Peer 1: 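Here you go, one structure.
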Amino acid sequence: MMRPPAWRAFCCLKFRVIYLLLTLNVIILLLYGDNYLRTCEVTKAKLTNSIAKTSCSFHSLSPKEAQVANSLKRLIAWPETLSLPPHLSLSDTSDPAHSTFTVLPNERGSWFVGGQLEVLIKMSDFHGRPKTSGGDFLLARLHNPTLNAGVAGRVFDHRNGSYTAVFPLLWEGSAHVEVTLVHPSEGVAVLEKLTQEQPDRIYFRSLFRLGSAHEMTTCNICLRSSQRLCNYTDLSTGEPWFCYKPKNLSCDARISHAKAGFRVYLRPVEEKLFQSAVNLKVFIPASGPAHIQVRSQFDYFYRSDFNFPWDFSGGVKQTMQSSPSGYYYQGAWRSLDGTTVHQFNTITAISQCLKNKALHLYGDSTIRQWFEYLNQSLPDLKEFDLRSSSQTGPFLALDYANNILLTFRSHGPPIRFRIIPISNLHYIANELDRVVGGTNTVVVIGIWSHFSTFPIEVYIRRLLNIRKAVVRLLSRSPDTLVIIRTANPKALTLYETLTNSDWYSLQRDKVLRAIFKRVKVKLVDAWEMSIAHHLPHSLHPQPPIVKNMIAVVLSYICPKTENL
Ligand SMILES: *[C@@H]1O[C@H](CO)[C@@H](O)[C@H](O)[C@H]1NC(C)=O
Ligand SMILES: *[C@@H]1O[C@H](CO)[C@@H](O)[C@H](O)[C@H]1NC(C)=O
Ligand SMILES: *[C@@H]1O[C@H](CO)[C@@H](O)[C@H](O)[C@H]1NC(C)=O
Ligand SMILES: *[C@@H]1O[C@H](CO)[C@@H](O)[C@H](O)[C@H]1NC(C)=O
């Protein structure tokens, strides 16, 4: 594939730096941060070959899996992922500062609880010219800071440069509209292209050791070139994983796995599509008032023109309905799917709910956060020291008096953690096969953020494997409670965007919901719980949001709890 000469390495450097000279003449800077080991590879020369030859072993999907993958890909197909023009100019791309939103008037002249609000968003470019195609990634929120209330809106793309955001009206009083451009459509196109052309932009390494001999090689799902490989494909799940074969040691000598680094090649104009305060997660201004007053349903019923049958849609076309999973009111999450979310405000309330339960948490650091939260909230829940790193786990905690067991284990590769021993690198599906299950067993799964740089098939395969294991668990022990945490939006910089943009997360989140749709699992909608909240988006949401997530989890475990 031809690459313009302007392509260059994008580098990122943070945190404490340790220099290591590796065997392959490549200088890699290993950066120890809390969650990432970041690397900057400063070589530019090899890039033409290196990109073209990357191959991803997801092609080994079975025919049935491939069929599922194709229908899921149609489900998440992004409107108008335009092919980027060769002479792309930033000024022709979506500019939030020149774009506006307008609260659409309601036929009835006022808004009522139970109704719906429509907002029209018109996108323009940096010259102020209206956009005529869709595909911008927008988020919308309706909120009231005084009531600590908020709900995520649903955005419909008309594919002509305009969008409609719809919100349900759930509280009485004022409601403020907030619309955010996460990425211009041109940015989304770059993100799609990156996944196609540079699926190995995050790469991994393993240490091999035998006696005093040791070697380090690069590992991935997508590896380039025809060098000899070690094939670590998991026999029971078929999950592929490969490392380059060490020169002098056998493949069996692998002792650890770690994220090694990140490298990406972007044109300068492509980089400009992801600028904080310009076009990356920037508010779109309102063209008029950005808030409305919502009256109670009572007022609505007693209006003279009130017609039967009751119509709460406020005249909104049936095709554009909002359907959030919940909303915040006075800072507490209220579910709209029929679950009553109880508040567990005391240690006693939480430990009474968890009494006699075994909770097994599996996934990435967003699930580890729940272990940390419970471990911190319950003084009688004592963590047993398994001598594992605070980033990778595994963790185990026990409350003997209340007979509570809490465990956490990280998911398998491509986990982007610091050094993790091979013996601790387990696939969730295999772990689930070892769970007996039953009324007192709760399985919690959260796996999304480490899959963003790979073709979606990699994630689909992983979830299909987990789904099969969940189905097996539920047929062995139908009373087992299985809870799945969805993805959530996060703070985005250029680096975070290229490795873990919310757009990647959104696409994966849709896949997750579709795959588990007909399985008896409960969801914690971290996506909406983050969007609806006033706190800034964060990979690891702040404590008030985690508290609400845990309240949802505990409400699934203890649905009948009264007045805690
Ligand atoms: C865009 O499409 C919507 C929905 O079809 C339509 O209502 C609107 O008038 C269109 N806007 C423009 C500028 O064409
Ligand atoms: C890796 O091993 C798996 C399982 O044995 C096998 O199906 C697959 O073809 C192998 N892949 C390569 C590239 O050798
Ligand atoms: C492999 O072993 C040879 C001979 O002991 C040694 O010279 C060479 O440096 C080793 N290569 C690596 C990559 O460790
Ligand atoms: C659990 O809590 C103990 C006591 O506060 C703390 O030392 C430990 O680091 C915590 N473990 C985790 C994994 O958060």
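The structure presented is a predicted model; accordingly, all values stated were derived computationally and were not measured. Whatever order the structure lists them in is the order used to number ligands and atoms, beginning at 1.
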Peer 1: Does Asp364 come within less than 4.0 Å of Arg416, counting only side-chain N to carboxylate O?
Peer 2: no
Peer 1: Check for me whether Glu383 has a heavy atom closer than 4.0 Å to any atom of ligand 4.
Peer 2: yes
Peer 1: If we check side chain to side chain contact (heavy atoms under 4.5 Å, CB included) with Tyr362, which of these qualifies: Ile466, Val435, Ile447, Val444?
Peer 2: Val435
Peer 1: Verify the contact flag for atom 10 (C) of ligand 1, where contact means a protein heavy atom under 4.0 Å away.
Peer 2: yes
Peer 1: Hey, is Cys230 close enough to Cys251 that the SGs sit under 2.5 Å?
Peer 2: yes
Peer 1: Which residue owns the protein heavy atom closest to atom 5 (O) of ligand 2, what's the atom, and how far is it?
Peer 2: Leu235 CD2, 4.1 Å
Peer 1: Please check if the number of heavy atoms outside Arg209 that lie under 6.0 Å from its CZ is greater than 12.
Peer 2: no
Peer 1: Could you tell me whether Asn160 and ligand 1 have an N or O pair separated by under 3.5 Å?
Peer 2: yes
Peer 1: Taking the side chain as C-beta and beyond, is there a heavy-atom pair between Leu398 and Asn403 under 4.5 Å?
Peer 2: no
Peer 1: What about the rings of His533 and Trp333, do their centers lie closer together than 6.0 Å?
Peer 2: no
Peer 1: Quick check on contacts: which atoms of ligand 4 are under 4.0 angstrom from a heavy atom of Phe371?
Peer 2: 13 (C)
Peer 1: Strictly under 6.0 Å, is that where the ring centroids of Phe417 and His411 end up?
Peer 2: no
Peer 1: How far is atom 13 (C) of ligand 2 from its nearest protein heavy atom, and which residue and atom is that?
Peer 2: Phe242 CE2, 3.8 Å
Peer 1: If we count only non-hydrogen protein atoms and require a distance under 4.0 Å, does atom 2 (O) of ligand 1 qualify as touching the protein?
Peer 2: yes
Peer 1: Which of the atoms in ligand 4, numbered in the order shown and given with their element, are less than 4.0 Å from a heavy-atom of Asn375?
Peer 2: 1 (C), 2 (O), 3 (C), 8 (C), 10 (C), 11 (N), 12 (C), 14 (O)
Peer 1: Tell me, which protein residue and heavy-atom name are nearest atom 8 (C) of ligand 2, and how many Å apart are they?
Peer 2: Asn231 ND2, 3.7 Å
